[in-house]
Amino acid sequence: MRAALAALAGLLLAGCGGTGGLAEAGSVSQGQQLFVENCGSCHVLAHAGTKGPVGPDLDAAFAEARRHGFEESTIREVVHKQILYPVEEPPTGEPGMPANLVEGADADSVAAYVACVAGRSEKEWNEAGCGPPAGQGGGTTAGGGGGGTADPKALFTSAGCAGCHVLAAAGATATVGPNLDDSDVSIQEAIAQIENGGGGMPAFRGKLQPNEIEALAKLIVESRGK
Ligand code: HEC
Ligand code: HEC
């Protein structure tokens, strides 16, 4: 949050006038899908249904910015600049954010999307026309509108697992944690690891529902190596 405010302050000092090369048309609805695929493994964003634990909670960061009176257009620029120029390797040794995860019009779509939804209530999403949130048949995941458990493969990405693990069935290719296609954990062991974390993995108890944790454990055990 402090970083977001610092970035906002920087923009204001810089004059904040033109859109300086960020003018490509962005689509909020495309941005949602792109966010889930490219950003959600590291960031919490309620509208997208993502819970990635690595980077700052974007709802918290931009709720604070909005309270300070920053407009949607300014937040959009901040997000776009973050995509272009993140802190890739923080001196603290904490995880950073890779640059240019999305490019060109895609980057603008993601920026437009985050600026529309981050730190806002459901009522504000509707008023601003940000589109339906994840899990309400919003076309991002397999949400059929029935309100059932989310598709575990989509959850593997949106919960942040795909930011650290290989699991072919979920299209995940990250190598921070062990390759789950090669793992021989049982369902019980997987549930315990997801709930408690440890060994470099964050704990997900309280962040995911018990039925979601069980669905992820089953996904890993039933799909690995296939
Ligand atoms: C590998 C994990 C990772 C991914 C993927 C990732 N981020 Fe980040 N993000 C971070 C970290 C870590 C920080 C804090 C360091 C920094 O400010 O660069 C951060 C910071 C941010 C910030 C600033 C928030 C604040 O409070 O200052 C924004 C905005 C942001 N990311 C948006 C995005 C968007 C949009 C995407 C997708 C295009 C994305 N991130 C993908 C890890 C990630
Ligand atoms: C920040 C990186 C990170 C994230 C995010 C993450 N993990 Fe992990 N995971 C790890 C690391 C590192 C280990 C190894 C822990 C150890 O060896 O003690 C691990 C271990 C595991 C194991 C045990 C594998 C084995 O063979 O012992 C499972 C299962 C697992 N993770 C599932 C998940 C699921 C499901 C999610 C999402 C809800 C997730 N992980 C999110 C880094 C991560």
Side-chain angles (χ1 to χ4, degrees), residues 1-8 10 31 34-45 48 50-65 75-92 94-103 106-115 118-119 152 155-167 170 172 174-205 207-208 212-221 224:
M1 173 205 88
R2 210 178 295 138
L5 288 177
L8 287 163
L34 290 163
F35 184 92
V36 171
E37 288 166 4
N38 297 287
C39 320
S41 61
C42 289
H43 291 288
V44 169
L45 189 66
T50 66
K51 297 175 179 157
V54 180
D57 176 331
L58 296 183
D59 286 315
F62 290 114
E64 179 76 11
I75 295 176
R76 181 167 166 167
E77 282 191 56
V78 169
V79 176
H80 203 141
K81 292 214 164 120
Q82 173 71 23
I83 294 170
L84 295 172
Y85 315 111
V87 181
E88 294 191 71
E89 290 180 20
T92 52
E94 284 171 26
M97 169 163 154
N100 296 309
L101 289 165
V102 286
E103 298 182 302
D106 284 353
D108 202 43
S109 295
V110 171
Y113 170 65
V114 174
L155 183 61
F156 193 86
T157 300
S158 66
C161 322
C164 290
H165 289 289
V166 170
L167 186 68
T175 53
V176 179
N179 178 334
L180 296 180
D181 283 321
D182 295 341
S183 160
D184 57 3
V185 286
S186 66
I187 289 188
Q188 284 317 316
E189 285 164 347
I191 289 175
Q193 175 70 23
I194 299 166
E195 285 183 337
N196 304 321
M201 172 165 153
F204 287 88
R205 179 185 277 126
K207 292 187 192 158
L208 295 172
E212 294 178 319
I213 292 175
E214 199 183 318
L216 286 170
K218 278 202 183 127
L219 170 72
I220 291 163
V221 170
R224 65 187 164 204

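In listed order, ligands and their atoms are each counted from 1. On a predicted model such as this, the values are computed, not experimentally measured, just so you know. Sequence positions, counted from 1, serve as the residue numbers for this chain.
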How long is the gap from CD1 on I191 to NZ on K218, to the nearest 0.5 Å?
-> 8.0 Å
Is the shortest heavy-atom distance from the side chain of V54 to the side chain of M97 under 4.5 Å?
-> no
Within reach of ligand 2, part of I213 (heavy-atom separation under 4.0 Å) = neither
Taking distance alone, with no angle check, do N38 and ligand 1 share an N/O pair under 3.5 Å?
-> no
Under 4.0 Å from any heavy atom of G198, which atoms of ligand 2 are there?
-> 15 (C), 18 (O)
Which atoms of ligand 1 have any heavy atom of V110 under 4.0 Å away?
-> 35 (C)
Can you find a heavy atom in the side chain of L58 that is under 4.5 Å from one in the side chain of F35?
-> yes
Do V79 and F62 come within less than 4.5 Å of each other through their side chains, counting heavy atoms only?
-> yes
In the protein, which heavy atom is nearest to atom 26 (O) of ligand 2, and how far is it?
-> S183 OG, 2.8 Å
The closest protein heavy-atom partner of atom 37 (C) of ligand 2 is C161 SG, 1.9 Å
Can you list the ligand 1 atoms lying under 4.0 Å from a non-hydrogen atom of A61?
-> 26 (O)
Begin from the C-alpha positions of L208 and L216 and carry the test side-chain contact (heavy atoms from CB on, under 4.5 Å) through to its verdict.
-> CA-CA 10 Å; L208 295 172; L216 286 170; 3.7 Å; yes
Looking at G160, which atoms of ligand 2 are within less than 4.0 Å of one of its heavy atoms?
-> 5 (C)
With heavy atoms and a 4.0 Å threshold, my read on which part of Y113 contacts ligand 1 is neither
Contact atoms of ligand 1, heavy-atom distance to G96 under 4.0 Å = 12 (C), 42 (C)
Which is it for I194 and M201 under the side-chain contact (heavy atoms from CB on, under 4.5 Å) test, yes or no, and what are the steps along the way?
-> CA-CA 8 Å; I194 299 166; M201 172 165 153; 4.2 Å; yes
Hey, is there an N, O or S on H43 sitting under 2.8 Å from atom 8 (Fe) of ligand 1?
-> yes
Do protein heavy atoms approach atom 17 (O) of ligand 2 to less than 4.0 Å?
-> no
Metal proximity, Q82 vs atom 8 (Fe) of ligand 1, N/O/S cut-off 2.8 Å | no
Check each of G200, P178, A203 against atom 13 (C) of ligand 2 and report the one with the nearest heavy atom.
-> P178
Do me a favour and list the nearest non-hydrogen protein atom to atom 27 (O) of ligand 2 with residue, atom name and distance?
-> V185 CG1, 3.4 Å
Using modelled atom types only, decide if a donor and an acceptor are shared between the side chain of Y113 and the backbone of A48 within a distance under 3.5 Å.
-> yes
Heavy-atom contacts under 4.0 Å between E88 and ligand 1: side chain, backbone, both, or neither?
-> neither
Atom 8 (Fe) of ligand 2 to nearest N/O/S of Q193 below 2.8 Å = no
Please work out the angle at atom 8 (Fe) of ligand 2 defined by atom SD of M201 on one side and atom NE2 of H165 on the other, rounded to 10°.
-> 180°
Mind checking the CD1-CD1 spacing from I187 to I213? Nearest 0.5 Å is all I need.
-> 13.5 Å
For ligand 1, which atoms, with element, lie under 4.0 Å from some heavy atom of F62?
-> 29 (C)
So which heavy atom in the protein is nearest atom 12 (C) of ligand 2, and how far is it from that ligand atom?
-> G199 O, 3.3 Å
Would you say D184 has any N or O atom under 3.5 Å from an N or O of ligand 2, going by distance alone?
-> no
For atom 4 (C) of ligand 2, which protein heavy atom lies nearest, and how many Å away is it?
-> C164 SG, 3.3 Å
Output yes when the distance from some N or O of ligand 1 to some N or O of V87 is under 3.5 Å, and no in every other case.
-> yes
Checking heavy atoms under 4.0 Å, the part of P95 that sits near ligand 1 is backbone
Please walk me through it: do F204 and K51 pass side-chain contact (heavy atoms from CB on, under 4.5 Å)?
-> CA-CA 10 Å; F204 287 88; K51 297 175 179 157; 5.8 Å; no
With the side chain counted from C-beta on, respond yes when T50 and V44 share a heavy-atom pair under 4.5 Å apart, and no when they do not.
-> no
Please test C161 against L167 for side-chain contact (heavy atoms from CB on, under 4.5 Å), starting from the C-alpha separation and ending with a verdict.
-> CA-CA 9 Å; C161 322; L167 186 68; over 6 Å; no
What is the distance from atom OG of S158 to atom CD of E37, rounded to the nearest 0.5 Å?
-> 11.5 Å
OH-NE2 distance between Y85 and H80, expressed to the nearest 0.5 angstrom | 8.5 Å
By number and element, which atoms of ligand 2 are closer than 4.0 Å to a non-hydrogen atom of L216?
-> 38 (C)
What atoms of ligand 2 come closer than 4.0 angstrom to any heavy atom of P202?
-> 1 (C), 3 (C), 4 (C)
Residue portion contacting ligand 1 (non-hydrogen atoms closer than 4.0 Å) for V78 | neither
Ion pair present between D184 and R224, side-chain N to carboxylate O less than 4.0 angstrom?
-> no
